[in-house]
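Side chains are part of it too, since the values below use all heavy atoms of this structure and drop only hydrogens, waters and symmetry mates. What you see is a predicted model, and the numbers here were worked out from it, not measured in a lab. Each ligand, and each atom within it, is numbered from 1 in the order the structure gives.
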Amino acid sequence: MTAARLTLPSPAKLNLMLHILGRREDGYHELQTIFQFVDYGDEITFAVRDDGVICLHTEFDGVPHDSNLIVRAAKKLQEQSGCSQGIDIWIDKVLPMGGGIGGGSSNAATTLLGLSHLWQLGWDLDRLATLGLTLGADVPVFVRGHAAFAEGVGEKLTPVEPAEPWYLVLVPQVSVSTAEIFSDPLLTRNTPPIKVRPVPEGNSRNDCLPVVARRYPEVRNALDLLGKFTEAKLTGTGSCVFGGFPSKAEADKVSALLTETLTGFVAKGSNISMLHRKLQSLL
Ligand SMILES: C[C@](O)(CO)[C@H](O)COP(=O)(O)OP(=O)(O)OC[C@H]1O[C@@H](n2ccc(N)nc2=O)[C@H](O)[C@@H]1O
Ligand SMILES: Nc1ncnc2c1ncn2[C@@H]1O[C@H](COP(=O)(O)OP(=O)(O)OP(=O)(O)O)[C@@H](O)[C@H]1O
């Protein structure tokens with residue numbers, strides 16, 4: 001009998017705005033942010049094995065096997081569910097690491113949902129999101145798969161329906177450490193909370209931007225170039241920079257001009273993640 005096998009997407013996210021309200025005692029920062037997905041990402045293939053072994057076959061530069069968020073997610077789920085099955089995993093990695101588009105967190109979420117399905121655990125999204133939060137602040141939104149206004153460290157999620165433009169995402173060739181940006185003394189940490197719902201138009205600032213742009217000339221350059229065509233924004237702590245366009249043709253046109261010197265991709269914004277659309281189609 002062939003082992004159960006499944007290939008699932010692992011999309012990127014963008015932070016459409018990001019405010020930092022304060023710092024908690026554990027060092028993490030209280031945020032208000034809007035997450036939206038894009039139809040662009042990695043693809044992860046899973047094949048069940050019955051000997052309990054968890055093996056990621058694709059090598060990552062600079063990330064040891066057991067530190068990979070895919071492996072950590074699989075091991076935690078196996079431990080907490082008491083499952084005796086194992087898994088072989090391969091990934092087609094296209095998302096840049098340290099890009100602020102949540103590649104690692106998305107990979108962890110795709111692994112949790114994929115394995116819950118293949119191992120037939122019957123875990124609901126609440127339970128998977130709670131486990132996901134122990135792996136990273138951005139994992140819960142990928143587990144839930146709906147665009148969201150997020151509070152806390154990103155785990156208190158309210159679904160939202162922002163417009164779904166086409167985005168040009170520029171990928172400066174530099175990896176930004178999230179921890180480094182959050183420990184910068186110059187970071188704005190006292191933005192007053194937005195209390196009105198839905199979040200009023202015009203709140204599109206990212207409080208990390210001044211610190212990231214100051215430290216990384218490559219990011220500054222990308223913001224300046226894209227800013228000639230549309231509002232250029234930073235996602236998360238960068239390095240990626242993005243701007244919205246009303247059509248694919250317009251995004252492609254600017255992409256053709258800018259990607260002569262910079263790497264980037266064009267993708268549609270989406271309020272339901274590709275992962276969840278694929279899982280729905282399997283049910
Ligand atoms: C900034 C965002 O990209 C917004 O989407 C995320 O909140 C970052 O999420 P992430 O990459 O999953 O971050 P984690 O792996 O949980 O945290 C990396 C490091 O960033 C800092 N960190 C992260 C999130 C947060 N709300 N406050 C923080 O201070 C902490 O020093 C932490 O050790
Ligand atoms: N499967 C994985 N994919 C990417 N990075 C991983 C993975 N597993 C572990 N990592 C580690 O996590 C770090 C952050 O990766 P990630 O791609 O999530 O960054 P990011 O896009 O900046 O995320 P965020 O927006 O959540 O800050 C990487 O530099 C890498 O060391």
- Message: Could you check whether any side-chain N or O of R5 sits under 3.5 Å from a backbone N or O of A47, counting only pairs where one atom can act as donor and the other as acceptor?
- Response: no

- Message: For atom 7 (O) of ligand 1, what is the closest protein heavy atom, and at what distance to 0.1 Å?
- Response: D138 OD1, 3.4 Å

- Message: Angle between ring planes, F265 versus Y40, binned at 30° and 60°: parallel, tilted or perpendicular?
- Response: parallel

- Item | atom 4 (C) of ligand 1: the protein heavy-atom neighbour that sits closest, reported with distance to 0.1 Å | N15 ND2, 3.6 Å

- What is the closest protein heavy atom to atom 12 (O) of ligand 1, and at what distance does it sit? A137 N, 3.3 Å

- Message: Give the atom numbers and elements of ligand 1 that come within less than 4.0 Å of a heavy atom of G136.
- Response: 12 (O), 16 (O)

- ligand 1 atoms in contact with S105 (distance to a heavy atom under 4.0 Å): 12 (O)

- Salt bridge present between D39 and K268 (N-O < 4.0 angstrom): no

- Query: Near L31, which atoms of ligand 1 are under 4.0 Å from a heavy atom of that residue?
  - Reply: 7 (O), 26 (N)

- Message: side-chain hydrogen bond (donor to acceptor under 3.5 Å, both in side chains), that's the test. Do D42 and N107 meet it? Break it down for me.
- Response: CA-CA 8 Å; D42 304 331; N107 290 172; 3.0 Å; yes

- Query: Rounded to the nearest 0.5 Å, how far apart are CG of L168 and OG1 of T259?
  - Reply: 7.5 Å

- For ligand 1, which atoms, with element, lie under 4.0 Å from some heavy atom of G27? 29 (O)

- Note on the structure: atom 20 (O) of ligand 1: closest protein heavy atom, distance to 0.1 Å, is T178 CG2, 3.4 Å

- Item | Close-contact set for ligand 1 against F35 heavy atoms, below 4.0 Å | 5 (O)

- Item | Trace of the side-chain hydrogen bond (donor to acceptor under 3.5 Å, both in side chains) decision for T33 with N15 | CA-CA 6 Å; T33 185; N15 296 95; 2.9 Å; yes

- Message: Counting non-hydrogen protein atoms only, what is the nearest one to atom 29 (O) of ligand 1? Give residue, atom name and distance.
- Response: H29 ND1, 2.8 Å

- Candidates R277, E164, Q36 - the one meeting side chain to side chain donor-acceptor pair (under 3.5 Å) with S270: R277

- Does ligand 1 have an atom that lies less than 4.0 angstrom from a heavy atom of R23? no

- E151 and H19: side-chain donor and acceptor closer than 3.5 Å? no

May I have a table of the N/O to N/O pairs between ligand 2 and the protein that fall below 3.5 Å, each row giving the two atom names and the distance to 0.1 Å?
from     : atom 1 : to   : atom 2 : distance (Å)
ligand 2 : 1 (N)  : N68  : OD1    : 2.9
ligand 2 : 1 (N)  : N107 : OD1    : 3.0
ligand 2 : 3 (N)  : K93  : NZ     : 3.1
ligand 2 : 3 (N)  : N107 : OD1    : 3.3
ligand 2 : 8 (N)  : N68  : OD1    : 3.4
ligand 2 : 8 (N)  : L69  : N      : 2.9
ligand 2 : 17 (O) : G104 : N      : 3.2
ligand 2 : 18 (O) : G104 : N      : 2.8
ligand 2 : 19 (O) : G98  : N      : 3.2
ligand 2 : 21 (O) : G99  : N      : 3.4
ligand 2 : 21 (O) : G100 : N      : 3.0
ligand 2 : 21 (O) : I101 : N      : 3.1
ligand 2 : 21 (O) : G102 : N      : 3.0
ligand 2 : 22 (O) : G99  : N      : 3.4
ligand 2 : 22 (O) : G100 : N      : 2.9
ligand 2 : 25 (O) : K13  : NZ     : 3.1
ligand 2 : 25 (O) : G100 : O      : 3.4
ligand 2 : 25 (O) : G102 : N      : 3.3
ligand 2 : 26 (O) : D138 : OD2    : 2.9
ligand 2 : 27 (O) : T178 : OG1    : 3.1

- Message: Under the criterion side-chain hydrogen bond (donor to acceptor under 3.5 Å, both in side chains), I'd like the reasoning laid out for E231 against S204: C-alpha separation, chi angles, the key distance, then a yes or no.
- Response: CA-CA 10 Å; E231 184 189 4; S204 65; 2.8 Å; yes

- Query: Just how far is it from atom CG of L18 to atom OG1 of T235, taken to the nearest 0.5 Å?
  - Reply: 8.0 Å

- Contacts of E180 that satisfy salt bridge (charged side-chain N to carboxylate O under 4.0 Å, His left out) - sequence neighbours left out: R215

- Could you grab the distance from atom OG of S105 to atom CZ of F35, nearest 0.5 Å is fine? 8.0 Å

- Item | Inter-residue atom distance L8.CG - I91.CD1, 0.5 Å rounding | 11.0 Å

- Hey, is ligand 1 close enough to F182 that some N/O pair sits below 3.5 Å? no

- Min N/O separation Y28 to ligand 1 under 3.5 Å: yes

- Note on the structure: With heavy atoms and a 4.0 Å threshold, my read on which part of E30 contacts ligand 1 is neither

